[in-house]
Amino acid sequence: MTFTQTNDPNVREHVQAFQNLPVDEQLALFWFVYKEMGKSITPAAPGASTVSDSVAEGLFNQIKALPHDEQLQFQRDLINNADNQYSRMYGSMSDTTKLLFWYRLAQGMENAIIVPMPSDYKLSSQSQELLNKIKQVEFEQQMNIFRDYVSPMGAEPKAGAEV
């Protein structure tokens, strides 16, 4: 699995704070990040030179075909590093493609193709504080935070696996 954590202690601190949240709160926070900062993230994810749009889109299409409860479980499995076919597919992607994949999931949530976030959901105070901190860092650091957050998710591809 590809994972290059930046040497920036500020980025590491934000990523660690993200990862210390309960799984469903991590998912919720990432949704709120998309909702509040999606317009600035949009050009960075698809436009990055190392992104494989077709790989991200291929996995997205497989996940959107699942029932909503399985879509949610898949997202939890990624965070928990569960070892299954989909998480191995995710684990084989580049860091930037993983970021694009999460962006596509958020777009799907917005359109209810992917299990949507409950409209009345409120972030915990800890998550809201982290969101506010993330909004205050420079764009490049935000992208590093998100990339370093999504990078270690999923599972290692296995020899002979259907990836």
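As the structure is a prediction and not an experimental result, all values here were calculated from the model. Quick note: residue numbers are just sequence positions, from 1.
Considering only residues two or more places apart in sequence or on other chains, Q75 meets the side chain to side chain donor-acceptor pair (under 3.5 Å) condition with none of them. For D24, the side-chain contact (heavy atoms from CB on, under 4.5 Å) partners at least two apart in sequence or on another chain are L27, R76. In this structure, the side chain to side chain donor-acceptor pair (under 3.5 Å) partners of K135, at least two apart in sequence or on a different chain, are E36. For Q141, the side chain to side chain donor-acceptor pair (under 3.5 Å) partners at least two apart in sequence or on another chain are D8, N10.
At most 12 non-hydrogen atoms from other residues, nucleotides or ligands lie less than 6.0 angstrom from CD of E140.
Rounding to the nearest 0.5 angstrom, the gap separating the CG atom in L29 from the CD atom in Q26 is 8.5 Å. Taken from CE in M117 to CG in L72, the straight-line distance is 9.5 Å, to the nearest 0.5 Å. Taken from CD in E13 to CD1 in I145, the straight-line distance is 9.0 Å, to the nearest 0.5 Å. Atom CG in L105 sits 11.0 Å away from atom CH2 in W31 (nearest 0.5 Å). Considering CD of Q73 and CD1 of I63, their distance stands at 11.5 Å, rounded to 0.5 Å. Residue R104 holds its CZ atom at 13.5 Å from OG1 of T97, rounded to the nearest 0.5 Å.
Side chain of N111 to backbone of I113: no donor-acceptor contact under 3.5 angstrom is found. The main-chain N or O of G154 is found under 3.5 Å from a side-chain atom of N81 such that the two form a donor-acceptor pair. Judged by distance alone, the side chain of S87 and the main-chain N or O of N84 form a donor-acceptor pair under 3.5 Å. In terms of modelled atom types and a separation under 3.5 Å, the side chain of Q71 and the main chain of V115 share a donor-acceptor contact. For E25 (side chain) and L123 (main-chain N/O), no donor-acceptor pair under 3.5 Å exists by modelled atom type.
By the 30° and 60° cut-offs, the orientation of the rings of F18 relative to F30 is perpendicular.
Applying the salt bridge (Lys or Arg N to Asp or Glu O under 4.0 Å) rule to pairs touching residues 109-134 yields K35-E110, E129-K133, sequence neighbours excluded. Judged as a salt bridge (Lys or Arg N to Asp or Glu O under 4.0 Å), not a single pair has a partner in residues 58-73 (not counting sequence neighbours).
Between L21 and S127 the shortest heavy-atom distance is CD1-OG, 3.4 Å. Looking at every heavy atom in both residues, L130 comes nearest to H14 through CD1-CD2, 3.9 Å. Contact detail for D148 and V15: the closest heavy-atom pair is CB-CG2, 3.7 Å. Nearest heavy-atom pair across S151 and K98 is O-NZ, 2.6 Å. Scanning both residues, Y121 and A28, for their nearest heavy atoms gives CE2-CB, 3.3 Å.
Looking at L100, V150, V55, L99 one by one, the single match for side-chain contact (heavy atoms from CB on, under 4.5 Å) with M93 turns out to be V55. No option in Y149, Y34, Y90 other than Y90 meets the side chain to side chain donor-acceptor pair (under 3.5 Å) test with W102.
In this structure, a donor-acceptor pair under 3.5 Å is present between the side chains of N20 and Q16. A donor-acceptor pair shorter than 3.5 Å cannot be found between the side chains of R88 and Q85.
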Self-check item: side chain to side chain contact (heavy atoms under 4.5 Å, CB included) between V33 and F146, worked out
Solution: CA-CA 9 Å; V33 163; F146 305 144; 3.3 Å; yes
Practice problem: Show the numbers, then the answer: is there a side-chain hydrogen bond (donor to acceptor under 3.5 Å, both in side chains) between Q136 and N132? | Solution: CA-CA 7 Å; Q136 293 174 12; N132 292 337; over 6 Å; no
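Using a 4.5 Å cut-off on side-chain heavy atoms (C-beta onward), L59 and F101 make contact.
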